[in-house]
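In what follows, a single structure is set out as structure tokens and then discussed.
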2 protein chains.
Amino acid sequence: MRDDPPGATPFQPHDHSRCTSTTLAHAERAVAETGARLTPVRRRTLEILLEAHRALGAYEVLDRLAQDGFGNKPPVAYRALDFLVDQGLAHRISRLNAFTACMHPGVAHAPAFLICRGCNRVAEAPADPVRTALETAATALGFTVERSTVEALGLCPACHEAP
Amino acid sequence: MRDDPPGATPFQPHDHSRCTSTTLAHAERAVAETGARLTPVRRRTLEILLEAHRALGAYEVLDRLAQDGFGNKPPVAYRALDFLVDQGLAHRISRLNAFTACMHPGVAHAPAFLICRGCNRVAEAPADPVRTALETAATALGFTVERSTVEALGLCPACHEAP
DNA sequence: AGTTGACATGATATGTTATAACAATATATC
DNA sequence: GATATATTGTTATAACATATCATGTCAACT
Ligand SMILES: [Zn+2]
Ligand SMILES: [Zn+2]
Ligand SMILES: [Zn+2]
Ligand SMILES: [Zn+2]
């Protein structure tokens with residue numbers, strides 16, 4: 001479980017190495033519980049995402065993996081990324097065709113993503129009210145929502161001040 | 001301006017040829033007002049989207065354009081599609097990397113898209129409450145939203161009954 | 001009518017993102 | 001240790017998107 005101050009996001013300054021190690025430690029446990037394995041490629045892929053703190057394209061991830069001696073063919077990256085997404089350890093940012101480490105692993109959540117066009121960082125915002133509103137709109141049309149994507153593009157606090 | 005019954009979507013049965021011709025007629029006028037031109041490729045592209053009533057990939061559109069004697073190279077489709085999106089006559093569905101004709105042209109709107117995984121049709125749902133909720137969540141983190149994407153995947157009324 | 005400039009289209013080439021299919025290897029289970 | 005299952009590696013290709021330059025079209029101005 002994370003012990004970040006409430007409202008912490010990649011936008012605020014924070015102890016990043018701790019942010020990374022805490023999440024990795026959680027991942028080990030969480031994955032084991034499901035019977036799956038956090039193998040070297042998968043673990044390294046998660047580290048890469050955590051180090052970046054922004055959305056990375058699959059091929060950016062792949063380059064780094066290859067540098068570390070793992071395979072250098074697309075499926076290597078896509079498989080690891082898909083695994084992390086399935087396990088709730090990473091998210092796919094549809095708008096960017098890219099991936100980012102989850103900042104709240106272990107907590108059931110379907111966040112809204114806030115994508116800063118200044119610094120490219122991505123934060124997760126609580127989206128329960130958003131999804132409720134979406135459900136309501138969909139239900140009015142007889143539509144049953146199974147999964148949904150909520151992404152906002154704009155400016156984070158830091159980039160807002162220094163454009 | 002459209003005169004569909006309120007709540008009409010591609011999910012309900014409707015007079016589709018009318019749906020198409022009404023929208024095209026509107027497009028002619030709306031585009032002219034902006035000083036732009038609804039050229040043959042552009043018009044045909046809009047027709048293609050309207051006929052499909054679902055999201056089409058750029059290359060699907062391109063194939064149909066080529067069959068009709070237009071160019072068969074990617075930029076032909078992408079330029080026409082980008083034009084329609086700029087004019088508010090079509091929308092890009094991020095999740096599908098695909099495009100769909102706007103069902104409410106002329107009305108300022110930033111809809112939520114309801115994507116049926118059964119029949120692949122796409123409907124637009126009013127999303128004002130959704131965006132308000134998103135703004136609220138973003139503002140709480142000091143984030144300024146400029147554009148946003150709201151897309152839901154699920155089942156439309158028809159596909160819900162006949163799976 | 002001829003010139004000009006803005007817009008639009010055509011064509012070539014390339015870049016980017018993603019998956020299918022199969023072979024090789026590691027790991028768990030009996 | 002034999003068998004089944006999960007994982008990784010590799011090849012090849014599909015699908016999506018853009019940069020760039022050449023050519024054509026049209027309306028405005030002189
Ligand atoms: Zn998350
Ligand atoms: Zn920023
Ligand atoms: Zn629309
Ligand atoms: Zn359906």
Side-chain angles (χ1 to χ4, degrees), chain A residues 27-28 31-46 48-49 54-87 89-100 120 149 151, chain B residues 27-28 31-46 48-49 52 54-87 89-100 115 120 149 151:
Chain A
E28 302 272 15
V31 167
E33 277 171 19
T34 72
R37 291 159 42 209
L38 192 64
T39 60
V41 221
R42 291 168 175 175
R43 189 191 158 94
R44 181 70 192 120
T45 300
L46 180 54
I48 288 167
L49 292 181
R54 62 181 178 89
L56 293 182
Y59 284 73
E60 288 183 273
V61 172
L62 181 57
D63 284 348
R64 289 167 170 74
L65 286 175
Q67 282 168 25
D68 295 349
F70 297 100
N72 65 340
K73 306 296 161 35
V76 170
Y78 280 102
R79 282 197 284 238
L81 289 166
D82 289 348
F83 172 85
L84 295 175
V85 170
D86 285 349
Q87 296 286 321
L89 297 170
H91 298 289
R92 180 168 217 283
I93 311 297
S94 188
R95 184 159 193 135
L96 305 176
N97 292 327
F99 301 82
T100 188
N120 286 310
T149 304
E151 296 171 0
Chain B
E28 302 272 15
V31 167
E33 278 171 19
T34 72
R37 292 158 42 207
L38 192 64
T39 60
V41 220
R42 292 167 175 177
R43 188 191 158 93
R44 183 66 194 120
T45 301
L46 180 53
I48 288 167
L49 291 181
R54 62 180 179 91
L56 294 182
Y59 280 69
E60 288 183 274
V61 171
L62 181 57
D63 283 349
R64 288 165 168 76
L65 286 174
Q67 283 169 23
D68 294 350
F70 296 100
N72 64 340
K73 304 296 159 40
V76 170
Y78 280 103
R79 281 196 285 237
L81 289 166
D82 288 347
F83 172 85
L84 294 175
V85 170
D86 284 348
Q87 295 287 320
L89 297 170
H91 298 289
R92 181 169 217 284
I93 310 298
S94 186
R95 185 162 192 133
L96 304 176
N97 292 328
F99 302 83
T100 187
I115 307 161
N120 286 310
T149 305
E151 297 171 357

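Treat the numbers as computed from the prediction; the structure is a model and nothing was measured.
Looking at B:Phe83 and B:Leu38, their side chains come closer than 4.5 Å, going by heavy atoms from C-beta outward. Side chains of B:Leu49 and B:Leu81 form a contact here, defined as non-hydrogen atoms less than 4.5 Å apart. Contact of the A:Leu56 side chain with the A:Phe99 side chain is not registered, since no non-hydrogen atoms from C-beta on lie closer than 4.5 Å. Between B:His91 and B:Val85, every side-chain heavy-atom pair lies at or beyond the 4.5 Å cut-off.
For the pair B:Tyr59 and D:dC16, the ring geometry qualifies as stacking, because the centroid separation is below 5.5 Å while the planes lie within an angle under 30°.
When rounded to the nearest whole Å, the span between CG of A:Asp82 and P of D:dT8 equals 12 Å. Counting to the nearest Å, the P atom of D:dC16 and the CG atom of B:Leu81 are 12 Å from each other. Atom C1' of nucleotide C:dT19 and atom CG of B:Leu96 are separated by 17 Å, given to the nearest angstrom. As rounded to whole Å, 13 Å separates atom C1' of C:dT16 from atom CG of A:Leu62. Atom CZ of B:Arg43 and atom P of C:dT9 are 14 Å apart (whole Å). Going from atom CG of B:Leu56 over to atom P of D:dA15 covers 14 Å, rounded to whole Å. At whole-Å resolution of the value, CZ in A:Arg95 and C1' in D:dC16 are 17 Å apart. D:dA14 atom P lies 16 Å from atom CD of B:Glu60, rounded to whole Å.
Within residues 64-75 of chain A, the residues that have a heavy atom under 4.0 Å from DNA chain D are, in order of number, A:Gly71, A:Lys73, A:Pro75. Shown for residues 31-39 of chain A: residues whose heavy atoms fall under 4.0 angstrom of DNA chain D, namely A:Arg37, A:Thr39.
Each of B:Arg79 and B:Ala98 has a nearest nucleotide on DNA chain D; the 5'-most of these lies closest to B:Ala98.
For the residue pair A:Ser94 / B:Arg95, no side-chain donor-acceptor distance below 3.5 Å is found, with atom types taken as modelled.
In this structure, B:Glu151 CD and B:Ile93 CD1 are separated by 5.5 Å, a value rounded to the nearest 0.5 Å. Note: A:Phe70 CZ to A:Thr39 OG1 = 8.0 Å, rounded to the nearest 0.5 Å.
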Between B:Glu60 and B:Arg54, does a salt bridge (Lys or Arg N to Asp or Glu O under 4.0 Å) hold up when you go through it step by step?
CA-CA 12 Å; B:Glu60 288 183 274; B:Arg54 62 180 179 91; 3.2 Å; yes
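The list of side chain to side chain donor-acceptor pair (under 3.5 Å) pairs with a residue in residues 67-83 of chain A, not counting sequence neighbours, reads A:Arg44-A:Asp68.
Out of C:dG10, C:dT17, D:dC16, the shortest distance to the side chain of B:Val76 is found at C:dG10.
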